[in-house]
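Only this structure's heavy atoms are used, side chains among them; waters, hydrogens and symmetry mates stay out. Just so we're on the same page: letters track the sequence lines, and every chain starts at 1. All figures in this text were calculated on a predicted structure; none of them were measured in a lab.
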Amino acid sequence: MSQTTEQTQYDGLSESEVRLKKLAHYREKGEDAFKYKFDRSHSIKEICEKYAHLESGEKSEDTVILAGRLMAKRGHGKASFGNIADENAAVQYYANIDELGDEVYHDLIHLDVGDIIGIEGKPFVSKRGELSIRLAKFTLLTKSLHSLPEKFHGLQDKETRYRQRYVDLIANPEVRHVFQDRAKIIHFFRDYLHKDNFMEVETPVLQTIYGGASASPFETHHNTLDQKLYMRISLELPLKRLMVGGFERIFEIGRVFRNEGVSYKHNPEYTLLELYQAYTDYHGIMALTETLLSELVKAHTGSTKITYQGTELDFAPPFRRLTMKDALKEYADTDINLDEAGLAKRAKELGCDIPEQYHRGELINLIYDKCVENKLIQPTFIMDHPWETSPLAKRKADDPRYVERFELIINTMEIANAFSELNDPIDQKARFEDQTKAREAGFDETHMTDEDFVTALSYGMPPTGGLGIGIDRVVMLLTDQPSIRDVIAFPHMRDKQI
RNA sequence: GAUCCGGUAGCUCAGCCGGUAGAGCACCUGACUUUUAAUCAGGUGGUCGUGAGUUCGAACCUCACCCGGAUCACCA
């Protein structure tokens with residue numbers, strides 16, 4: 001085939017069209033561009049480790065067989081270089097026309113960046129000191145029909161990165177590390193809890209009554225049962241029913257769904273870890289949380305410190321403990337024990353938007369959100385919340401206006417939420433009724449009454465401490481990612497034809 | 001939901017006061033037998049987010065809409 005023919009036959013074609021033509025040529029020659037399997041002798045990482053000892057210019061007589069995606073090509077006439085990458089590493093190959101023959105060499109240099117190939121050859125170290133494979137043979141395993149993003153800048157466009165994460169993962173190797181780290185973090189939590197004798201359980205995503213948090217649910221419908229269903233907004237109530245049943249240490253890592261806004265720290269579906277431990281209270285859970293997170297950070301970085309978006313965060317226990325009362329005093333110069341009118345006046349002075357309907361708990365929360373949470377950078381336990389906003393937590397024995405609850409705040413984000421679980425069925429029923437009253441008075445996002453949950457508690461749940469941890473946010477912190485979308489493989493996006 | 005910023009070649013980005021749509025990478029052709037953002041020469045590739053409007057003439061000005069990002073509100 002003459003060169004002018006090749007030039008004209010590709011003239012006017014887009015790159016994808018050129019690749020389709022190449023694919024058609026393979027088919028004409030009876031070659032399969034989508035092979036069924038390929039046996040490798042090593043992963044690229046194994047090769048990098050095994051031949052790390054080779055000196056510059058030194059050759060191995062071993063023949064190795066590798067596979068990966070062609071990430072770059074550098075042609076030099078009768079010799080050429082390329083890079084292939086597999087899941088964990090990349091390596092350079094070197095090829096020349098003398099060793100491959102005209103036809104094979106021609107096929108090699110007409111591969112496209114993005115193609116997945118198998119290569120066979122001997123490891124050596126190039127003049128410039130780079131471990132390389134001297135190519136003896138190659139096989140096209142999968143033809144790629146789309147060109148990859150430019151190699152130097154990678155894929156920058158956030159929209160494409162999120163909508164077509166597969167392209168992001170190919171083009172930006174550091175993105176792959178984020179998801180590998182995410183997997184390690186989740187594995188760490190599971191492993192730690194199993195070793196601490198917690199049992200992993202699974203509870204329903206589809207529920208007739210949603211609960212365990214203040215949030216709007218997604219609604220759905222079961223056709224044959226003709227039943228309205230909600231996607232769970234938390235894991236709490238089914239897990240506590242299992243505690244009633246007699247399990248003493250359980251946990252679940254699961255997706256929950258909240259029909260709320262989207263932001264750098266909110267995705268409509270996210271991953272929650274909840275655990276419940278019998279015969280302990282929120283102090284016990286606080287100690288557990290502290291150990292769990294500081295050990296996680298140590299396992300991940302080798303120290304107790306991480307840097308998140310330029311800020312050093314220190315997870316060395318003990319974390320700072322601050323009651324809601326002291327927090328309001330320190331950060332808002334406000335006495336938490338003011339009456340409703342006094343708190344409303346203070347909230348207004350502090351510039352809070354006061355809703356039409358409010359109660360003491362709501363006002364305390366408003367002041368806290370406005371003045372405290374956005375100041376808390378180092379890991380801090382905020383303790384003893386007002387009872388009105390915590391309908392599933394046990395009241396403090398010495399002051400029933402507050403509950404035994406803590407939230408862990410890191411870098412102004414709520415990372416964990418925990419209570420001494422309310423196990424008095426009579427108080428629980430009253431709390432649900434208060435929620436109903438609040439809803440009727442115009443409060444949004446109040447808890448639904450769950451009669452069966454009250455029934456469950458009336459059989460007796462031992463004293464129990466419970467904890468919820470937002471896994472995605474922990475991953476954000478440990479992988480230094482600025483947005484929750486960067487730690488969720490397929491973050492929620494509006495529909496768009498692409 | 002509100003405000004601001006953005007959407008131009010497969011990718012990264014220019015495009016001034018409204019006057020024929022640009023570069024680099026990628027791709028095609030040629031040269032080059034140790035390069036690595038290879039180099040050099042020549043090419044292909046565009047509904048400028050969508051739709052209206054203003055104008056002799058719109059990527060550029062106006063309006064509406066779509067999508068994304070940031071900030072805010074709700075929420076974890």
Side-chain angles (χ1 to χ4, degrees), chain A residues 2-19 21-22 56-57 71-83 90-100 105 110 112-114 124-130 132 134 144-163 167 171-172 212-216 233-234 256 258-272 353 355 365 369 373 407-409 413-417 444-445 468-474 476 482-485 491 493-498:
Chain A
S2 80
Q3 287 136 0
T4 46
T5 313
E6 273 189 33
Q7 179 158 24
T8 45
Q9 83 176 350
Y10 292 131
D11 251 16
L13 298 182
S14 70
E15 196 174 333
S16 296
E17 289 165 336
V18 170
R19 289 180 181 220
K21 281 245 177 197
K22 287 181 179 179
S56 194
M71 297 305 290
K73 290 194 298 175
R74 294 176 293 283
H76 294 264
K78 296 188 173 60
S80 71
F81 295 85
N83 295 84
V91 72
Q92 169 173 273
Y93 67 76
Y94 164 78
N96 69 54
I97 198 163
D98 301 335
E99 288 169 53
L100 292 182
Y105 187 78
H110 284 85
D112 290 304
V113 169
F124 75 104
V125 173
S126 73
K127 275 183 194 164
R128 299 289 176 93
E130 181 164 340
S132 310
R134 193 175 194 93
S144 170
L145 298 176
H146 276 281
S147 59
L148 292 182
E150 187 220 6
K151 60 194 159 195
F152 189 61
H153 296 92
L155 180 64
Q156 297 294 323
D157 183 65
K158 285 225 156 100
E159 188 170 351
T160 311
R161 290 188 48 213
Y162 297 150
R163 287 188 194 278
V167 183
N172 301 324
S214 302
S216 299
I233 58 171
S234 87
V256 298
R258 300 194 180 179
N259 207 337
E260 316 260 355
V262 189
S263 82
Y264 76 95
K265 55 180 172 179
H266 300 94
N267 194 63
E269 50 181 303
Y270 70 101
T271 302
L272 196 54
D353 293 328
N365 249 351
D369 285 343
E373 194 173 77
E407 291 177 299
L408 174 62
I409 312 299
M413 284 194 296
E414 186 186 332
I415 298 297
N417 183 26
D444 292 336
E445 296 186 351
I469 295 181
I471 297 291
D472 312 87
R473 291 184 175 180
V474 172
M476 282 171 72
S483 169
I484 198 166
R485 292 182 185 100
M493 291 272 151
R494 268 203 171 89
D495 272 352
K496 186 185 180 187
Q497 291 296 323
I498 51 172

Nearest listed nucleotide, side chain of A:Ser147, among B:G10, B:U34, B:C13: B:G10
Nucleotide B:C74, atom P - distance to CD of A:Glu373 in whole Å: 11 Å
Sugar-phosphate only, base, or nothing, as touched by A:Lys21 at under 4.0 Å among non-hydrogen atoms: nothing
Donor-acceptor pair (no angle test) under 3.5 Å: A:Arg74 side chain, B:U34 base: no
Backbone of A:Leu155 reached by a side-chain donor or acceptor of A:Asn172 within 3.5 Å: yes
Rounded interatomic separation in angstrom, taking CG from A:Leu13 and C1' from B:G43: 13 Å
Presence of A:Arg494 side-chain N/O under 4.0 Å of B:C66 phosphate oxygens OP1/OP2: no
B:A26 phosphate, OP1 or OP2, under 4.0 Å from A:Lys151 side-chain N/O: yes
A:Arg485 side-chain N/O to B:G69 phosphate OP1/OP2 under 4.0 Å: yes
Aromatic stack A:Phe81/B:A38: centroid gap under 5.5 Å, interplanar angle under 30°: no
Donor + acceptor pair across side chains of A:Gln156, A:His153 (<3.5 Å): no
B:U29 OP1/OP2 closer than 4.0 Å to side-chain N/O of A:His110: yes
Test item: A:Glu99 side-chain N/O and A:Asn96 main-chain N/O as donor-acceptor pair under 3.5 Å: no
Distance below 4.0 Å between A:Arg473 side-chain N/O and B:A76 OP1 or OP2: no
Opposite nucleotide pairing with B:C60, Watson-Crick or G-U, both atom distances under 3.5 Å: none
A:Lys158, nearest nucleotide to its side chain (from B:A76, B:G69, B:A26): B:G69
Value in whole Å for how far the C1' atom of B:C11 lies from CG of A:Asp112: 15 Å
Side-chain donor/acceptor contact of A:Asp157 with base of B:U12 under 3.5 Å: no
Base B:U36 paired with A:Glu130 side chain (donor-acceptor, <3.5 Å): yes
Polar pair under 3.5 Å, donor/acceptor by atom type, side chain A:Glu15, base B:U44: no
Inter-nucleotide C1' distance (B:C66, B:G24), Å rounded: 30 Å
Main-chain N/O of A:Glu130 paired to A:Ser132 side chain as donor or acceptor, under 3.5 Å: yes
Donor-acceptor side-chain pairing of A:Arg258 and A:Tyr270 below 3.5 angstrom: yes
